[in-house]
Protein chains: 2
Amino acid sequence: MNEPLYAGIELGGTKTICLIGSGVDSIRDQLQIPTTNPADTLGQLHTFLASQGELAGIGIGAFGPVNIDPASANYGCIESTPKPGWSHTSVVPFFRERFSCPINLDTDVNAAAIAEHQHGNGKGLRNFIYITVGTGIGGGALIEGAPVRGNSHPEMGHIALPRHMADETFLSACPYHQNCAEGLASGSALRKRWGMPLNEFPPEHPAWDMQASYLAEFFHSLTLLFSPQRIIVGGGVSSEQLLARVRTALYKKLNGYVDALKLEASLESYLCLPELAGNAGPLGSLMLAYPEYRRH
Amino acid sequence: MNEPLYAGIELGGTKTICLIGSGVDSIRDQLQIPTTNPADTLGQLHTFLASQGELAGIGIGAFGPVNIDPASANYGCIESTPKPGWSHTSVVPFFRERFSCPINLDTDVNAAAIAEHQHGNGKGLRNFIYITVGTGIGGGALIEGAPVRGNSHPEMGHIALPRHMADETFLSACPYHQNCAEGLASGSALRKRWGMPLNEFPPEHPAWDMQASYLAEFFHSLTLLFSPQRIIVGGGVSSEQLLARVRTALYKKLNGYVDALKLEASLESYLCLPELAGNAGPLGSLMLAYPEYRRH
């Protein structure tokens with residue numbers, strides 16, 4: 001008997017990746033396309049999936065806000081989003097009409113957190129947070145093995161941060177919030193403020209310290225609110241070079257408070273890159289297709 | 001056979017309450033004393049408990065930061081705290097030396113959250129947050145029935161908030177952070193800024209709107225990070241009069257984002273007082289003594 005074949009779709013704000021395999025160690029095909037408009041992106045995914053033979057399940061890790069409540073009539077539909085054309089797009093219903101296998105959807109960051117928990121830097125942890133700093137900023141908290149969900153999923157990138165003193169007049173890159181993490185420290189914000197990506201600046205340029213300061217403020221709040229064992233930082237803006245500066249700024253902001261964390265001894269492991277790098281989201285999306293991660 | 005008799009101690013930053021009973025509906029004795037210095041406060045608790053006959057368990061809900069890890073050699077010890085005389089006080093060891101029954105300790109806000117979950121406004125919820133706004137600010141998140149714990153317990157009151165534009169020169173009431181929620185919006189901060197408690201001001205005084213604005217910013221972050229089904233706000237500064245203003249300010253800050261929350265329809269139940277009022281902490285501390293809440 002053949003092993004069951006799963007599809008994992010990471011529907012990201014910039015690009016979409018689809019993996020086909022029986023597990024994370026046996027990927028047999030993949031597709032990577034830019035996330036353009038819904039008809040084009042979903043259409044290409046349909047063509048690719050239809051060519052794969054019988055699927056035992058489809059897992060989808062989607063950008064948000066997206067309805068993740070399996071009991072809702074709008075389950076698997078994108079909500080109001082600044083991404084042109086995608087507000088109220090029906091993602092799960094699109095695939096349900098075309099495939100008879102079970103379909104399970106969560107956020108892209110929850111999917112990445114699940115992959116890091118099983119196969120990466122979240123192994124053995126009871127409480128950690130996965131953050132992506134890319135075109136946007138998002139995050140998922142994995143507590144006692146399950147992503148935190150409530151009314152919906154977290155939208156971590158939109159919490160307000162105090163302005164950096166050299167950044168008082170910058171117009172936020174977020175259309176909803178003048179002072180949120182995504183508006184001030186995402187890849188979009190960096191490009192809007194400086195005209196080019198962070199990694200093109202020399203190490204002494206002030207862009208580095210401002211970015212480190214904003215992320216340290218963000219991770220300071222996460223540390224105090226969740227008391228996580230680790231914060232894993234993925235996404236195109238994240239790098240060891242940046243995280244080294246963020247650790248220094250975070251240690252300074254903690255200012256000796258919460259000494260139980262003994263963070264001074266372990267900041268390098270406390271704040272780290274995803275072990276699976278850019279594969280965390282796609283592999284986690286594939287895992288969402290496994291029977292044990294289905295929620296309905 | 002007699003029912004087992006439990007003791008619940010809420011060791012608060014300002015006052016300490018001890019309840020004796022077989023359950024939250026059968027309290028047979030209680031003590032309320034100011035929290036002064038450790039020798040005096042713990043001594044009075046010892047005298048009171050020793051007069052009660054055989055105890056089946058002692059539950060303690062303590063102010064933080066406190067070591068809540070049962071596997072640690074410092075379990076039940078207060079950590080570095082601005083509260084004079086209490087840094088490194090051994091609370092659980094003090095009672096262990098004097099009583100042979102099981103002793104279980106958590107934070108005062110986790111205790112209050114447990115009580116509200118079973119007997120108050122948290123009933124039936126999978127994900128809610130209990131916040132106290134009193135002398136200090138603290139919070140606990142109850143996710144899938146258990147308080148969120150990681151490296152230690154959350155210290156929610158110390159996340160940074162953007163300054164209110166009419167409050168740029170105020171010196172924070174927190175010795176650790178110039179811009180944290182506790183430093184800007186606790187009872188201590190209100191007294192330091194205005195010279196008297198909030199409820200003594202007429203409704204048109206700007207203190208009300210500033211306080212509502214700070215708490216709305218705080219709850220905005222909690223909403224985006226945890227996606228809770230409810231935020232319950234206790235403590236001496238909290239009141240329906242204040243929460244009504246906070247709801248208006250929170251709705252404005254959300255700015256149409258996260259529409260799945262449909263908060264406009266349900267803000268009154270989303271942001272509410274504890275049903276158990278000031279009893280949430282003491283009753284939750286008693287519940288910590290029950291066998292089912294013990295963690296060791």
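Because only heavy atoms are used, hydrogens play no part in the values below, and waters and symmetry mates are left out as well, while side chains stay in.
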* Who among Gly140(B), Gly150(B), Gly64(B), Ala141(B) has the most heavy-atom pairs with chain A under 4.5 Å? ->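 Heavy-atom pair counts peak at Gly150(B).
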
* For chain A, find which of Cys180(B), Gly139(B), Pro154(B) contributes the most heavy-atom pairs closer than 4.5 angstrom. =>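 The residue among Cys180(B), Gly139(B), Pro154(B) with the greatest pair count is Pro154(B).
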
Can you tell whether the side chains of [X] and [Y] come within less than 4.0 Å, N to carboxylate O?
X         : Y         : value
Lys253(B) : Glu217(B) : yes
Glu144(A) : Arg126(A) : yes
Asp106(A) : Arg149(A) : yes

Given that the side chain runs from C-beta out, which part of [X] has a heavy atom under 4.5 Å from chain B: side chain, backbone, both or neither?
X         : answer
His158(A) : both
Ile143(A) : side chain
Leu222(A) : side chain

* Asked: Is Arg230(B) positioned over the aromatic face of Tyr270(B), cation under 6.0 angstrom from the ring centre and no more than 45 degrees off axis?
  ->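 Negative - Arg230(B) is either too far from the ring of Tyr270(B) or too far off its axis.
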
* Ala160(B), part contacting chain A, at a heavy-atom distance under 4.5 Å ->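 It is both, since atoms from each part get that close.
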
* To do: Could you tell me whether Phe226(B) and Phe226(A) have their ring centroids closer than 6.0 angstrom?
  =>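 Ring-ring flag for Phe226(B)/Phe226(A): true, centres closer than 6.0 Å.
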
